[in-house]
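Just so we're on the same page: letters track the sequence lines, and every chain starts at 1.
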There are 2 protein chains.
Amino acid sequence: MSRAFTNPHLLSEETVKNVLRIADEIGYVPNHTARALSTGRYANIAIIVPDIANPFFPPMIKAAQEDADNSGFCVFLGNSNEDPAREDQLLARFLGQVEGFILVSSRLGEQRIRHYVERCPLVLINRDIKGLPRVLIDSGPGVSEAVHHLAELGHKSIAYLSGPKRSWSNTQRLAAVKKAGRELDLKVSVISTTTPSYQAAREVSARLINTGATAVISFDDLTAQGVIAGLSDHGLVVPRDISVVGCDDVLDAATHPSLTSVSSRSAESGRTALSILLDFLRKGNTGDIRFSLDTRLVSRETTARPRLP
Amino acid sequence: MSRAFTNPHLLSEETVKNVLRIADEIGYVPNHTARALSTGRYANIAIIVPDIANPFFPPMIKAAQEDADNSGFCVFLGNSNEDPAREDQLLARFLGQVEGFILVSSRLGEQRIRHYVERCPLVLINRDIKGLPRVLIDSGPGVSEAVHHLAELGHKSIAYLSGPKRSWSNTQRLAAVKKAGRELDLKVSVISTTTPSYQAAREVSARLINTGATAVISFDDLTAQGVIAGLSDHGLVVPRDISVVGCDDVLDAATHPSLTSVSSRSAESGRTALSILLDFLRKGNTGDIRFSLDTRLVSRETTARPRLP
DNA sequence: GTGAAAGCGCTAACAG
DNA sequence: CTGTTAGCGCTTTCAC
């Protein structure tokens, strides 16, 4: 039976046919778990994300899952809920039944991540740890492009609405805004929120207005929408009074006015991470991989010339 | 070792402590797979959806996953991509390693579904098959509530922007609009689009305006946003000139003006399905369950009194 | 309380 | 090519 299912070429055609026929008759299906225990090949991988409901992640999960599927792998999905402890628990729970992990925007300490890497192949997305395979969506170019776009429109003072302090993408975006601002001789103000939520962003609008900025680049699209609502609470209209740029481009053009945003390439990052993982499973150590995906600005309706004073 | 991890109360306190300490020292972790093979309890379930990237599903997945997690279950995620064959393959692949399935908006033939039900506990979401446990989201009440809401605001003439003709939810919503409209003595116009996309909805705005309707109920949130943009193309502002209601409430309040919408209760459906599944795993047969989730109107900023002529 | 051993369903190595 | 068997890492009886 085992051979008929896994190595049919080792058996005579007739035997194989016979076995398969009988299996079908009695409704026999090979037991995935027993096979995994015996071979150590689980044919499972796990993807762990901070928040499934954040629209940034589904395209990534979908892409990775589709490719995994085509390679005969099943995928576990873990939702850490932005909580390192939960993430850790998830990793531990999956450990005994997967051949590899894709860890997205991990909030876990580097120590813990290395702990798991020693036990199971793992590739990171949007977390930059030397020596570990990682794919990074580099918002630098896109954000930089956004600043240039604003400067060209005539803005002299801009603000960056910051995301989670420990987030790699936030660090990246903040740095890009500052760098481009310096190069173009713009005033750059930075505003922080407690959490990167719509509501938090909405509530921070007064501080935003006080900076005197005529344009805002926000940590992501969700907070950008919060900013737009918050500005409206103060009677300001986007883009007439203030221009707004989001990041991740998860809304496509589906809001009104449609949001100018920095593309995220979420799906590609998932596909890339999966292919790195599968490569590793097939060929073993592949050296220090750091795959960087550039971003671009998608210019839409929330950016315009600043209103004359 | 086995007892120390799974039945510590059967051992002396000291022995347990010893085992755990040594386990920690040598980095020992119980093997999930071996345990599953031995006990037949996999502590895994699978959720299969047509399209992870459709914003309707992530809240459902997230909710189910969270509850599963808290009950010690790992969850496999399958994406059928709306393809029955792929869905079938996914089911088969998961079969040997899960204790149960949640099958969402299944495109599979009833025969095949019953085939799997005989082999593994399974609960359906948004698919109504007699005798199988199922949870259904009924958009009727919410849509009806929306019509009442508009009538109370003073609207006399409303329009329904139709979704796919063959879609069950569209049929249901259209019927609810018509019925409530009749009861409240409103004029109801129906506008169709080729596909339920943002762009298609945007392009249909002239026809919408020509109906003379002062309020629009749209098939879903995406098309509702298209309507808002299309109206704006004609110089009309929502809700000042025209009120707009969406369906599914996938945007939360995250747009501006925030969209009045009919809740989809996506998360609750996931939670409910999971709890039915776990109940079944614990207590066995629970009879014919058909759990219907009513919807409600979530009133936000895109509906208001009609402008006086 | 604790040790020993059978067995979950499969694979892989070893004979024939 | 095909039959047989040890063993994957755990749980669960059955003795002690």
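Annotation: of the two residues near DNA chain D, A/Arg3 and A/Ser38, the 5′-most nearest-nucleotide partner is A/Arg3. In terms of position on DNA chain D, the residue among B/Met1 and A/Leu11 whose nearest nucleotide sits closer to the 5' end is A/Leu11. Between B/Ser12 and A/Arg41, the residue whose closest nucleotide on DNA chain C is further toward the 5' end is B/Ser12.
Under 3.5 Å, the side chains of B/Gln172 and B/Ser139 contain a donor-acceptor pair of N or O atoms. Of the N and O atoms on the side chains of A/Arg173 and A/Asn170, not one donor lies less than 3.5 Å from an acceptor on the other residue. Using a 3.5 Å distance cut-off with no hydrogens or angles, the side chains of A/Asn18 and A/Thr15 do not pair a donor with an acceptor.
Contacts between chain A and DNA chain C, taken as any atom within less than 4.0 angstrom of a protein heavy atom, begin and end at C/dG9 to C/dA13. Counting 5' to 3', DNA chain D first comes under 4.0 angstrom of a heavy atom of chain A and last does so at the ends given by D/dC1 to D/dG9.
Judged by distance alone, the side chain of B/Thr33 and the main-chain N or O of A/Leu37 form no donor-acceptor pair under 3.5 Å.
Between A/Phe76 and B/Phe76, the two ring planes are parallel [angle under 30°; tilted spans 30° to 60°].
Looking at DNA chain C, the stems built from 3 or more consecutive Watson-Crick or G-U wobble pairs, each pair with its key distances under 3.5 Å, are C:1-16 with D:1-16.
For A/Tyr28 and A/Phe5, the ring centers are positioned less than 6.0 Å apart.
The side-chain contact (heavy atoms from CB on, under 4.5 Å) test applied to B/Thr195 returns B/Ser197, B/Ala200, not counting sequence neighbours. In this structure, the salt bridge (Lys or Arg N to Asp or Glu O under 4.0 Å) partners of A/Glu82, at least two apart in sequence or on a different chain, are A/Arg107. Taking B/Asp51 as the reference, A/Lys62 meet the side-chain hydrogen bond (donor to acceptor under 3.5 Å, both in side chains) condition, with sequence neighbours excluded.
If you check every strand for non-hydrogen atoms under 4.0 Å, A/Phe5 touches nothing. Among the heavy atoms of the strands lying under 4.0 Å from B/Thr39 are primed sugar atoms or P, OP1, OP2 only; no base atom is included. Nucleic acid contact class of A/Thr33 (heavy atoms, under 4.0 Å, all strands): none. Among the atoms of the strands shown, only primed sugar atoms or phosphate atoms (P, OP1, OP2) are found under 4.0 Å from some heavy atom of A/Val29.
In this structure, the side chains of A/Arg35 and A/Thr6 come closer than 4.5 Å at one or more pairs of heavy atoms. Side-chain contact check for A/Asn81 versus B/Glu66: some heavy-atom pair is nearer than 4.5 Å.
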